[in-house]
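As the structure lists them, so they are numbered: ligands from 1, and atoms in each ligand from 1.
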Amino acid sequence: MQAVITIARDFIVGIIDRRIYGSFIEHLGRAVYGGIYEPGHPKADAQGFRTDVLGLIKKLNVPVVRYPGGNYVSAFRWEDSVGPREQRPRRLDLAWRTTEPNEFGLNEFMEWTKAAGTEPMMALNLGTRGIDAARNLVEYCNHPGGSYWSDLRKSHGAAAPHGISLWCLGNEMDGPWQIGHKTASEYGRTAAETAKALKCFDPGLELVVCGSSYSSMPTFPEWEAEVLDHVYEHIEYISLHQYFTNHDDDIASFLASSLEMDRFITTVASVCDYVKSKKRSTKDVHLSFDEWNVWFHSNEADAELEPWSVAPPQLEDVYTLEDALMAGCALNTLINHADRVKIACLAQLVNVIAPIMTETGGPAWEQTIYWPCYYASRYGRGTAMQVSVDVPCYETRDHGEVPYIDVSAVLSQDHRELTLFLVNRHQEIRIPIDVICWGLEGFSITEWVELTHPDSKAVNTREHPRNVAPKQRRAKPGEVVQLEPLSWNMVRFGRK
Ligand code: AHR
């Protein structure tokens, strides 16, 4: 078996928006408390931010972090999270059935984004609240001063406006589990009027409207069509969310779930274009895939948790090599749709279905899924190239025929480097690759990084944090690269 990969200089998908390598911090489980914020931890700085966690996040080079939810945002009172800490109320969070102490809030998050070298993507509560709370929050954050809300921010110690440009109009409003769940017409109207009010304040804001929570929602894609009908001219992006599961341990189908992600993207893009034509609009709406990841390992443990505690260990999936391969396939899918997907957030960033795990009071380490994200964020910037792969397929239960090799290709901005990200989905066979580049002469291999393990269920733990870790492979010029069964790979080519 062999994979022939063909790339041609003039056949491109599009320029990759750096924001596709974003992530997400929700007030959920130990993401904030015991994750990014833990005053008293030996590695905490003066603001209580864990510097060991910050180090791992900076290495990931995360351009944007969505906050503060998620389901959490749909009953969130933002005013509770600002002002003197000792006056902030403790609130019951009905979404995750915990107690939120509000010790870490909006202004602390903004300080943290500076320390992490990232930008905020702020979500608004369109569940229990609406236009008024949204416009007040935006004024609090972004107005320089001389108005009630901006002066309140200044009195809270944040003299300069935060300048947050990217805002989500609620979260998963199509989901019956959401507090304040709405029908498409209820939500479409609310989102349109909220967007109009925010654009009156600042026409330069970038707004993300809620699409479907999953492509398997019964209201998909009618939800998108109806919501966009109301809001099309007022927003820039529509959201997509998808979580991958492998409950019945069918690796072949699990690793093919990225094909469903691919179809989801194509369908939402078509609905956007349909509404664009219907409205005779000249504007394109792009996609924000602002929640994606593997999520299923922690489901049983979460069902056992006692309600109303502070920062319990919720959604703490411990990821295997298989999950890292799935993350690699999802990243390839995002890159391969760089023309339409302009924002994407790995959900989430620390402890909660996350690439980074911590022990409260103890160390922090990289989970398996950290590694494909790290390399994609670092080397997957530039132009996404169209890739043709000639390789045998296999039959799956859930996704039909699926090629054994999954790939994306990125040409650097200066055209001096070509990087391939590859997953071998085959469980037994090593597959050699033959890369043919048209119009891209003079390239030879400069680096080959491989992530694999003899046990596909292998994980990283506090005791063995580098059990599943990338290895540099050697490929001499002219030598054929062979992809190990169940492996993720990055192969870089440079011009002499
Ligand atoms: O990321 C975990 C949860 O998944 C988010 O809170 C919600 O938006 C989604 O259902």
Return a yes/no value for [X]: is any of its N or O atoms, backbone included, closer than 3.5 angstrom to an N or O of ligand 1?
X	result
His241	no
Glu172	yes
Asn171	yes

Next on the checklist: Taking 4.0 angstrom as the limit and counting only heavy atoms of Asn71, give me the atoms of ligand 1 inside it, by number and element.
Outcome noted: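 Atoms satisfying the 4.0 Å criterion: 5 (C), 6 (O), 7 (C), 8 (O), 10 (O).
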Next on the checklist: Under 4.0 Å from a heavy atom of Ile353: which atoms of ligand 1 are those, numbered in the order shown and with their elements?
Outcome noted: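 The list of qualifying atoms is 1 (O).
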Between [X] and [Y], what is the ring plane arrangement, given parallel below 30°, perpendicular above 60°, and tilted in between?
X	Y	value
Tyr374	Tyr370	parallel
Tyr67	Phe104	perpendicular
Phe76	Tyr72	tilted

Next on the checklist: In this structure, does ligand 1 have an atom that sits under 4.0 Å from one of the heavy atoms of Trp295?
Outcome noted: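 In this structure, Trp295 qualifies as a contact of ligand 1 - some heavy atom is under 4.0 Å.
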Next on the checklist: Measuring from non-hydrogen atoms of Val352 to any atom of ligand 1, is the shortest distance under 4.0 Å?
Outcome noted: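 Under 4.0 Å: no for Val352.
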Checklist entry - Hey, does Leu228 have a side-chain heavy atom less than 4.5 Å from the side chain of Tyr274? => result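 When only atoms from C-beta onward are counted, Leu228 and Tyr274 do not touch, as no gap falls below 4.5 Å.
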Checklist entry - Where's the contact between Tyr243 and ligand 1, heavy-atom distance under 4.0 Å: side chain, backbone, both or neither? => result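 It is the side chain that gets close, since no backbone atom is under 4.0 Å.
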Item to check | Residue portion contacting ligand 1 (non-hydrogen atoms closer than 4.0 Å) for Trp292 | outcome: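 Near ligand 1, Trp292 shows nothing, with every heavy atom at 4.0 Å or more.
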Checklist entry - Does the Tyr187 side chain pair with the main chain of Leu126, one donor and one acceptor, at a distance under 3.5 Å? => result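 The answer is no, because no donor-acceptor pair under 3.5 Å joins these two groups.
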Checklist entry - Any donor-acceptor pair under 3.5 Å linking the side chain of Arg129 with the backbone of Ala134? => result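 No, because the side chain of Arg129 does not come within donor-acceptor range (under 3.5 Å) of the backbone of Ala134.
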Checklist entry - Considering only the protein, which heavy-atom contact is closest to atom 6 (O) of ligand 1, and what is its distance? => result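 Among all protein heavy atoms, the one nearest atom 6 (O) of ligand 1 is Glu26 OE1, 2.6 Å.
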Item to check | Residue and atom name of the nearest protein heavy atom (relative to atom 9 (C) of ligand 1), distance in Å to one decimal | outcome: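 Looking only at protein heavy atoms, the one closest to atom 9 (C) of ligand 1 is Glu291 OE1, 3.0 Å.
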Item to check | Ring centres under 6.0 angstrom apart (Trp149, Trp78) | outcome: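 Ring-ring flag for Trp149/Trp78: true, centres closer than 6.0 Å.
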Item to check | Residue pair Arg66, Glu291: steps toward the salt bridge (Lys or Arg N to Asp or Glu O under 4.0 Å) verdict | outcome: CA-CA 9 Å; Arg66 190 165 171 253; Glu291 287 188 32; 2.9 Å; yes
